[in-house]
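One-based numbering along the sequence shown. Bear in mind the structure is a predicted one, so any value in this text is a computation, not a measurement.
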Amino acid sequence: MSQQISESELVLMKIIWKNGGSALYAQILEELQRESNPWNKNTVLTLLSRLIDKKYLKIRKIGRRNDYIALVTEQEYQTLQTNSFLNRVYSGNVRTLVSTLLRQDVLSAAEMQEVENYWTSLNQSLETGDPAGSDSTD
């Protein structure tokens, strides 16, 4: 699963994740139509096939219908992509990444405060042995 996926493949993965991690082919087409996406059926099938080959999806037959099931959650994908980006662009140096975000005003003061609050909460959870607080971002 270390293979990168294209922007087009990511569109399909987002539809599947939004649908709880699995979606019938017909549901995927409906969502693409709702998004005014012009892809034809063959394009969608090719992209889905590539995602299966890359081990991001598996297929389950339900009669004559295909149910596409995500083998990776959206959070797992985000973590994978974040680590890849961090290593590729910043040689794994988180401090440099955060410094860039602050210098370029990508991260507002309010967002920085939110990050600080998150880290404080996470540290308190780790100190008390309560892992439940470690995943709350809202």
Side-chain angles (χ1 to χ4, degrees):
M1 184 179 44
S2 62
Q3 289 185 341
Q4 295 289 321
I5 63 175
S6 69
E7 289 297 317
S8 298
E9 292 165 342
L10 184 57
V11 168
L12 298 181
M13 288 301 298
K14 285 183 177 185
I15 291 170
I16 293 166
W17 288 324
K18 185 173 136 182
N19 200 52
S22 72
L24 295 170
Y25 176 73
Q27 292 172 310
I28 294 168
L29 287 181
E30 285 174 24
E31 185 62 29
L32 288 171
Q33 287 174 346
R34 260 195 295 274
E35 296 173 0
S36 299
N37 189 305
W39 297 339
N40 66 40
K41 292 178 182 184
N42 287 337
T43 300
V44 176
L45 287 171
T46 298
L47 292 171
L48 290 167
S49 179
R50 288 181 186 166
L51 286 164
I52 291 167
D53 290 344
K54 293 177 181 181
K55 308 288 189 230
Y56 282 92
L57 290 179
K58 71 177 182 178
I59 194 168
R60 179 179 59 195
K61 293 280 188 187
I62 302 175
R64 296 178 59 181
R65 299 181 307 167
N66 291 332
D67 189 20
Y68 294 90
I69 301 167
L71 295 175
V72 60
T73 66
E74 187 171 16
Q75 185 176 6
E76 289 168 335
Y77 178 75
Q78 289 170 342
T79 298
L80 177 72
Q81 291 304 302
T82 300
N83 288 333
S84 174
F85 173 78
L86 182 63
N87 289 326
R88 249 182 318 108
V89 178
Y90 292 96
S91 300
N93 190 324
V94 175
R95 183 177 292 162
T96 306
L97 168 62
V98 173
S99 173
T100 300
L101 294 173
L102 291 171
R103 275 187 316 210
Q104 300 300 318
D105 291 328
V106 175
L107 195 60
S108 70
E111 290 168 326
M112 187 62 195
Q113 184 62 51
E114 210 175 298
V115 169
E116 286 178 27
N117 292 343
Y118 172 77
W119 282 114
T120 300
S121 172
L122 179 61
N123 285 331
Q124 289 171 348
S125 296
L126 292 174
E127 287 173 5
T128 61
D130 176 22
S134 65
D135 199 18
S136 65
T137 55
D138 293 324

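Note that the OG1 atom of Thr100 and the OH atom of Tyr90 stand 3.5 Å from one another [nearest 0.5 Å]. Between the CD atom in Gln124 and the CG atom in Leu126 there is a gap of 10.5 Å [rounded to 0.5 Å]. In this structure, Thr79 OG1 and Glu74 CD are separated by 10.5 Å, a value rounded to the nearest 0.5 Å. With rounding to the nearest 0.5 Å, the separation of CG in Asp67 from CD1 in Ile62 is 4.0 Å. Expressed to the nearest 0.5 Å, how far NZ of Lys14 lies from CD of Glu31 amounts to 12.5 Å. In this structure, Glu114 CD and Ser108 OG are separated by 8.0 Å, a value rounded to the nearest 0.5 Å.
For the pair Glu111 and Leu101, the minimum side-chain heavy-atom distance is 4.5 Å or more. Side-chain contact check for Ile5 versus Gln3: every heavy-atom pair is 4.5 Å or farther apart. Between Lys61 and Asn66 the shortest side-chain heavy-atom distance falls below 4.5 Å. Using a 4.5 Å heavy-atom cutoff, the side chains of Gln4 and Lys54 are not in contact. In this structure, the side chains of Leu47 and Thr43 come closer than 4.5 Å at one or more pairs of heavy atoms. Looking only at side-chain heavy atoms (C-beta outward), Leu51 and Tyr68 stay at 4.5 Å or farther from each other. Within the 4.5 Å cutoff, side-chain heavy atoms of Met13 are placed close to those of Leu57. You'll find the side chain of Leu12 reaches within 4.5 Å of the side chain of Trp39, heavy atoms only.
For Arg34, the CZ atom sits in a packed shell: over 12 heavy atoms of surrounding residues, nucleotides or ligands are nearer than 6.0 Å.
A single hydrophobic cluster is seen to contain both Val106 and Leu86, as judged by linkage of ILVMFWY side chains at heavy-atom distances under 4.5 Å, directly or through other members. Residues Leu24 and Leu32 are members of separate hydrophobic clusters, defined by side-chain heavy-atom contacts under 4.5 angstrom among Ile, Leu, Val, Met, Phe, Trp and Tyr. The cluster map of Ile, Leu, Val, Met, Phe, Trp and Tyr, joined by side-chain heavy atoms under 4.5 Å apart, puts Tyr25 and Ile69 in different clusters. Following chains of ILVMFWY side-chain contacts shorter than 4.5 Å, one can reach Val72 starting from Ile59, so the two form part of one hydrophobic cluster. When the side chains of ILVMFWY residues are joined at heavy-atom separations under 4.5 Å, either directly or via intervening members, Leu122 and Val115 end up in a single hydrophobic cluster.
A distance-only check finds no donor-acceptor pair linking the side chain of Ser99 to the backbone of Arg95 [under 3.5 Å]. The main-chain N or O of Trp119 is found under 3.5 Å from a side-chain atom of Asn123 such that the two form a donor-acceptor pair. Side-chain atoms of Trp17 do not come within 3.5 Å of backbone N or O of Gln75 as any donor-acceptor pair. Under the 3.5 Å distance criterion, the side-chain polar atoms of Ser121 are left unmatched by any main-chain donor or acceptor of Asn117. No side-chain donor-acceptor contact under 3.5 Å links Ser49 to the backbone of Leu45.
For Thr73 against Glu76, the heavy-atom pair with the smallest separation is N-OE1, 2.8 Å.
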